[in-house]
Structure formats: structure tokens, C-alpha cells
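Here is how names work: the chains are called A, B, and so on, in the same order as the sequence lines, proteins then strands, and each is numbered from 1. Keep in mind that this is a model prediction, so the values were computed, not measured.
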Number of protein chains: 4
Amino acid sequence: MQSSTPAGRPGRPRSATADAAILAATREALVELGWSRLTLGDVATRAGVAKTTLYRRWAGKNELVVDAVAELFDELRLPDCGSLADDIEGVVLQFAAILARPEAKSGLMAVIAESTRDDALRERIRASIVQRQMRLVLEGRARAQQRGELPPEPDPQESARIVDLIFDVVAGAVVHRTLVSGKPADEEWVHSFTQVLLHGLAEAPGDG
Amino acid sequence: MQSSTPAGRPGRPRSATADAAILAATREALVELGWSRLTLGDVATRAGVAKTTLYRRWAGKNELVVDAVAELFDELRLPDCGSLADDIEGVVLQFAAILARPEAKSGLMAVIAESTRDDALRERIRASIVQRQMRLVLEGRARAQQRGELPPEPDPQESARIVDLIFDVVAGAVVHRTLVSGKPADEEWVHSFTQVLLHGLAEAPGDG
Amino acid sequence: MQSSTPAGRPGRPRSATADAAILAATREALVELGWSRLTLGDVATRAGVAKTTLYRRWAGKNELVVDAVAELFDELRLPDCGSLADDIEGVVLQFAAILARPEAKSGLMAVIAESTRDDALRERIRASIVQRQMRLVLEGRARAQQRGELPPEPDPQESARIVDLIFDVVAGAVVHRTLVSGKPADEEWVHSFTQVLLHGLAEAPGDG
Amino acid sequence: MQSSTPAGRPGRPRSATADAAILAATREALVELGWSRLTLGDVATRAGVAKTTLYRRWAGKNELVVDAVAELFDELRLPDCGSLADDIEGVVLQFAAILARPEAKSGLMAVIAESTRDDALRERIRASIVQRQMRLVLEGRARAQQRGELPPEPDPQESARIVDLIFDVVAGAVVHRTLVSGKPADEEWVHSFTQVLLHGLAEAPGDG
DNA sequence: CTCTAAACGAGACGGTACGTCAAGTCTTGAA
DNA sequence: TTCAAGACTTGACGTACCGTCTCGTTTAGAG
């Protein structure tokens, strides 16, 4: 019945519930304490688990937080609102809502900061969070090209570059708005942002 | 008549050179160790200063790093290349070059992460870094409006909203590209980004 | 003082050897540095033990030094030299020899000084050092009463008062001679002291 | 201890009131904080004086406390009660009363402890406190010899030895009673002690 | 009445040790 | 073999005093 004990492995099997309890405890601690005051000993206590159990499964604080935060972003869905602009606004608002939650705010930026000096950590973040949500850009772009709202792009390499660029612009803008400027990425802001993204500064400064 | 004491304040005046030495030592430590392994004791040693001197002037690691990083961004200059697009590319490349430096990478994201739980710190970041560079957007936009590249905006409140938005998009995209995606914000990327910023996705997907 | 896992207590038991190593290191540091320059960090290093281990077992410098010094006095033995005077001289010489050792000198008076402001510490000193050596007075007096050298004392309360008085006179005189006057409590002095103790000033001024 | 501008020394003379204020502040701090928590900065503040003024006059905490405590013992007077026993009881009770004061308790034993590692300090204590009160023993003994209560001692060297011994026994017993045993040196105890001192254990166990 | 030189208050300085806390490892007995 | 419990080493934390220093400001006697 256990997921991690493949067969008749000797010894006591790993507790199946521990992983979920630990990740939930981690998010709880992030909400209450933030990243820098979160301690693994405290997480273990909250999860009703020994510190050794925690270290047996994760290498350290960073890896644990990445996994705890990654789960938050899996609930993102690309809505089908009929137009590219509305689809973008819908998904960006969802993204902003997640980023506004303290467990995401506190944890995400901290592990990104840590990843600037730890390539393995950056790769883990890319795989667990960034790349996993790239699907939204791919899906939305394909749908818009089908609708004729965006020109088709035959060159696959060029296509990848554009997708990356869009992702950086969208994710970066929302993150900067939320965490650095410290203002809400609300409907009004998301609308203005979407207009600029689609039509540029020169054409769409005020509204659309 | 006083050399270093601004008014007739009693007591030994603070060492004038210590501040600069400490900030330089902080940047040096950020390069070598990154934010999480940087310790104030080590910074004090590098600066040839006692730990207490450091604590007398800064409340903690976060405040110190903000000041150390803020100085990096003061070298940003808005070039006059003749067109808005070229001006943007010029300043974004400068910004990307600074962000690529390890002392900026390591320090900036970490203090932003910390600021999610510390309003005073966020305000310090906003005042020392963000607001201070906002001048670039204001100056560039005014110049473009004089040139007729951007429509004039008579409503001052609307104007402020647009300026904020531009800043979030530009800064956020470069930061995300550099720190999250982990790819260089080189000339090619900056060119593509500028095209999207000015003309939008629909009109300027491949190039201009 | 510490019980080594008395029953099926969970968790790793305390190191049995650490206690002895720490007390020995404390005495070594007392010899080299004296009480005021002795630091717990240094003791920990000498004992090959972490500072936290030390703080887990003792509340502070004072308690540690009391325990380290107390062990020194356990080697005191009441000799049986045939007469009360000779017995007293023998044990007082032993006591003086211990007090002459730098680890006793340095440590003992300092913790007594500290105990003037800390009742718990005074009680610890009384229990660990003073009361523990009171046996010598009791034993010597009983032996002398058997020999007929001292009159029997039927009243137990009066008996206790006398014993306390003898202890204060003997211990106090030796301590004062050694630490305050700074002169050795050698055989000659001990002999004169014993004559005064047994026969008083009026009868035995010069010698016996 | 300090000469207040002995001759036509140029410059501003030392404040005459500062010395007294500092010593009083030291005693006050000893009462409130005890020796180990007493800090020179705090003494300076209490005395309304700068820390530098304090260091200009005393080498450190130990020297300062010796001077502060020494003044306490100068009020000791040898009463003339008619008999040696009564004279002794009178002066011992005075001595016990001083030792019971917290500023004496706290300070005296601490500097004695320190003096075990600092010969200059021991000499200062001997000169300022011990030797200064030796007069009481000399005076009392001479008076008793005149009265015929004590045999005369023609040999001056032997006489000095006896005086030293008496001093060690008296001072040591009172100090041990007060500080180590932690019980009051009250009239009853002083009476018993005096009987032992004059007549010895064998003859005067219960009372006299 | 100035001049001069020391003492003064204030407080910053480079240090040392403090006692606490968290990280990550190790050792026990029980499941 | 894993688990909970908890002792272990390590190392940074932020604080408190130390004793020294550098200021600008008295303050007295000498010229």
C-alpha cells in the first residue's frame, strides 16, 4: 500500500502521511513566521515528526520550501473567456492571487534568492515551478493563434524564444508589482498590463 | 569650525571612512558568500571595524544589504540614442548588467523576500532603490513625448499609473529573466523585449 | 549530579565522560587564568566539548566552579595520630595544602563572594563543600570524647552549635591566613593555631 | 590616596568632590548589584561623572572597590569594657555588623578572590584594610597585658606571630560564619567564640 | 585679563565574552 | 529499517562592558 516502499523491503516502512504533513506544516510556518524565521525543528514539531525524519527526505530548508510552495501553483488554470485579452487577464489574476498569499510571497522569493548561488536549487525551482506553469503560456498562445489573434510562428526555435519572453514579462511584472512595489495586482492593473502586453506602449497607453 | 561634527554635538564624532568601508566589505562578502552565508561579524572584520560599530549604524543584515546594493544602481544613466527604442534598450542593458553582478543578484532578491514580512524594510527598499531609479522612466518618457514617440498624457494621476506600470514591466521582466529563468538579458533579448513593450505582442512578435 | 538515563528515557543519553572532562578543564583553567579571566567558551574548548553542552548541564560559571572545586576537598582524611592535637594538626595541614593550590584559591573565594547575592548558590556551596567536610569535625570530636580529651556533650542542640563554631574557627582561620594574610599555613603556624584552639590564648600563648 | 594638586601644578585641578562621589556611588552599586554585576560605566553615571574621570584615578574595578570598602572599616573602635573578654566581644560584634552590610560582603570577598592572582592588589588590600585594623589587636592585647589578663611577651618576633595568629583567627571565624555558613555572628555566637578563643576547646566548650 | 595646560562630559572606537538559537549529525530504545 | 526523542558539534547571533580614543568645553593659576 505504501508508495515509497516498493516491495518487501526490510525494516519499518516510511510513514505515508508524513510527507503531506510536513509540507503542510512548512506552509503553515511560512505564513506565521516567514522564510527567515522558519526553522526545521519547528516544522518537525508542527508535523508531529522527528527532525531526523525530515532530513531523511529533504536535503535542507531550501528544498523543503520549494516543494511546499510548488504545490500552490498547480491550481492555476487557463480560463477560456473567448478572447486572448480576457484569457490573459483571467490567468494573471489567478497568478496574482496566489502570489498575494503569505506562504507564497515569503517562500518563493527567498528560494529564488538562494538559487542565485546554488545551481541545483535553481534547476529544482525551474522544474517544479517555472517549467510546470509554462504550459499556460503555450496553451494560451496556441489558442490565440487558432483564433487568429496572434500570427502563427513556423520557426520552433523562434517560437520558444517568444514563449520564454512572454513568461518573463508576465511573471516578472506581476511579481514586481506585488512584492517590490507592494501594491495589489488588481483587476484595473491587470487590465492595463494586458493592454500594454498586447498592443504596446505607443498604441495603448490609457486604456483599450 | 568643526571638521566632522555637524553641530556642536558632544563626544567623539563617528568615523567618516567607516561607512564606505563597511558597505564595500558587504558587497565583497555578497560576491564571495551570497546573502545567506554572509555574516555581520565577517563584514566587520573585512571592513577593519568592530561588530558593535556596525550595529551602531545599521539595525541588522537586511538594512545593511539594502544600503550596500542601493549604491550599485546609482550608476544607471539614461542614454540619448535618438529614438525611444534605442534609449530603452540602452538603459535596460545597463540595468541587466548590474543585475548580473553577483553582489546584486544575491542581495537584492533576498532583501525583497525579507521585505514581505517587514514593512519598514520594504519602504527602505522602495526609497533607496526603486523610487530612486524611477527618474529614468520619467526622464525617458518625457523625452519620448517631446519627440512625439509617445502621446502626451494630460491627466497627472493617469500618468503616474502608467509610469508605475512601465517600471513594473521593465524591472520585473529583467529580474525574472536574470534570476528566475537564469538566462542572460543580452542584446538580442533586450531588443525583443523592447519591441514587445513598445508595440505589443500582436504587432511585433518576430522583430521590427 | 546528572543521572545517566535512569530508565527507558527516550533520546540519546548524556555523555558520561563529558562531565569529568569539563570539571577537569575547569580546574585547569582556574590554575592558568584564575576565576575572573576564566570563560565558559575556553573551558568548553579545553574539554573538547561544545559550549551548549556545558550550558545544558550547569546554569553558569558559578555553579560549574563550585562543582569543580568541591571535588578537591573530597580527598581530605582525618588521620589517627593518637592525640586530638595531632589529629587536628594533621587534618588542618591537609586542608591548608588544598587551599594553597591555585585552582582552590582562585575559585573558592570567588564563588563565596558571588554567593553573598545568590542564596541558591550559597546553598549549593554549603551542600557540596561545607557540609560535606563537616564529617571531619564530627569524627574527630567523637574520637576525642572517647579518648577523654574532650568532655562529652549530652545536649544534641548544644553539640551542633559547638561543631558549627569549631568549623567556622578552623576553616576561617586557615582561609584568612592563606588568602588574606597571604602567608603559608605551615607546620609552625598550624601548631600554634591548634594550641590556641585547644587551650585558649590565656593559657597557651607561646607554645605547649 | 590621590593628592589634589600638590603644588603649583598647571592646568585644571582634579575635582575634589568627584572622589567621594565615586566611592559613594561604588558602594551604592555594590548594594544594589553586587560585585559581578557592578560596571564602571554605571558607577560613573551614578556619580555624575564621565567614565574617563574614573579611569584617570583608578586602574580598574578592583582598585576602586578596595578603596570603597576600606572606608567602611575605619569606623571600628576598640571599646573599653573592663575585661579582655568583653572588649573582644565588643569589637567582634562591630566587625560582624560591618561584614553583614551588603556593600562589604559583596565587595570584600570578591577583591580578596581577585587578589589571589594579583600581588599588587593583595598588597593594596593588606595596606588599606588588613594592616589598618591590626591596631585593634595590638591595642587590645597591650591593654590585657597591662591588666594581667594575658602574659607579657618579651620577644618582639614571637609577639608579632601571636598578633598575626589572633587576627587570622578572629577575622577568619567571623568571615566564615557570616559569608560561608550564612548565619549571623550574633551576641550568642560571639560570646561562645570569645570563650573558645580565650580558654580553648577543652576548658570552655559550653559556656564560661 | 589673557594665556596655557590639565581635567572635564560625552560618546564613538576595537575588542572579548556573553548566553541563546538553529543547523545538521549521532545515538539510544521501541515499533 | 524507520521512527520519536533528545544530546551532540558547530557557528552566528545581538548585547553588554571593557578600556582607549577623540572631541569640544571648563577651570584654575601663571604671566
Side-chain angles (χ1 to χ4, degrees), chain A residues 2 4-5 9-15 18 36-42 44-45 47-61, chain B residues 1-5 7-15 18 36-42 44-45 47-57 59-61, chain C residues 2 4-5 7-15 18 36-42 44-45 48-57 59-61, chain D residues 5 7-15 18 37-42 44-45 48-57 59-61:
Chain A
Q2 298 84 359
S4 41
T5 327
R9 197 139 60 92
R12 177 171 174 176
R14 286 193 172 173
S15 161
S36 64
R37 286 208 284 263
L38 175 150
T39 70
L40 295 198
D42 180 53
T45 303
V49 140
K51 225 175 11 156
T52 37
T53 299
L54 211 149
Y55 277 105
R56 211 172 283 123
R57 302 177 187 209
W58 283 276
K61 185 163 157 174
Chain B
M1 272 293 103
Q2 299 86 0
S3 50
S4 39
T5 329
R9 195 145 58 96
R12 178 174 172 175
R14 289 197 170 169
S15 162
S36 63
R37 287 209 285 263
L38 176 150
T39 69
L40 296 199
D42 179 55
T45 304
V49 142
K51 212 168 35 147
T52 39
T53 298
L54 214 150
Y55 278 105
R56 210 174 283 123
R57 301 177 187 211
K61 186 164 157 174
Chain C
Q2 281 80 28
S4 317
T5 336
R9 194 143 60 95
R12 176 174 174 177
R14 290 194 171 167
S15 163
S36 64
R37 285 209 286 264
L38 175 150
T39 70
L40 295 199
D42 180 55
T45 304
V49 141
K51 214 171 26 153
T52 39
T53 297
L54 213 150
Y55 277 105
R56 207 174 288 121
R57 303 176 186 213
K61 186 164 158 174
Chain D
T5 333
R9 193 142 58 94
R12 175 175 174 178
R14 289 192 173 171
S15 162
R37 287 207 284 265
L38 175 151
T39 70
L40 295 199
D42 179 55
T45 304
V49 142
K51 220 170 24 151
T52 38
T53 298
L54 211 149
Y55 277 104
R56 211 173 282 124
R57 301 176 187 212
K61 183 164 158 174

* Remember a base hit wins even if backbone is also touched, and classify A:Arg57 as base, sugar-phosphate or nothing at under 4.0 Å, heavy atoms. => sugar-phosphate
* **Residue mapping more 5' on DNA chain F - nearest nucleotide basis, B:Gly41 or D:Lys61** => B:Gly41
* Asked: Minimum heavy-atom separation for D:Lys61 to D:Leu38, with atom names?
  -> NZ-O, 2.9 Å
* Please work out if A:Gly48 contacts a base, only the sugar-phosphate, or nothing of the nucleic acid, heavy-atom cut-off 4.0 Å. => sugar-phosphate
* Ignoring backbone atoms, test whether C:Ser15 places a side-chain nitrogen or oxygen under 4.0 Å from the OP1 or OP2 oxygen of F:dA7. => no
* Any idea which heavy atoms bring C:Val49 and C:Leu54 closest together, and the distance? -> CG1-N, 4.5 Å
* **Distance, rounded to the nearest Å, where A:Arg56 contributes CZ and F:dA4 contributes P** => 8 Å
* Output every pair passing side chain to side chain donor-acceptor pair (under 3.5 Å) with a member in residues 49-59 of chain A, not counting sequence neighbours, ordered by first then second residue. => A:Asp19-A:Arg57, A:Trp58-A:Asp67
* Whole-Å distance separating the CG atom of B:Leu40 from the P atom of F:dA12 -> 11 Å
* To do: Return the value, rounded to whole Å, for the distance between atom OH of B:Tyr55 and atom C1' of E:dG11.
  => 21 Å
* Determine whether any donor atom in the side chain of C:Arg12 lies under 3.5 Å from an acceptor atom in the base of F:dC8, or the reverse, and answer yes or no. => no
* To do: Whole angstrom is fine here: how far is it from CG in C:Leu38 over to C1' in E:dA17?
  => 12 Å
* Structure fact -> In whole angstroms, the gap separating C1' of F:dA7 from CZ of C:Arg9 amounts to 10 Å
* Interatomic distance, C:Leu54 CG vs F:dC8 C1' [rounded to whole Å] -> 13 Å
* **Non-hydrogen atoms of C:Ala44 and C:Ala50 that approach each other most closely** => CB-C, 4.0 Å
* Asked: Rounded to the Å, how far apart are B:Lys51 NZ and E:dA17 C1'?
  -> 10 Å
* Asked: Roughly, in whole Å, what's the span from CZ in C:Arg37 to P in E:dC18?
  -> 14 Å
* Please identify each residue that fulfils salt bridge (Lys or Arg N to Asp or Glu O under 4.0 Å) with A:Arg37, with sequence neighbours left out. => none
* Check: B:Thr52 side chain, E:dG15 base, donor-acceptor under 3.5 Å -> yes
* Structure fact -> On DNA chain F, more 5' by nearest nucleotide between A:Val49 and B:Ala59 is A:Val49
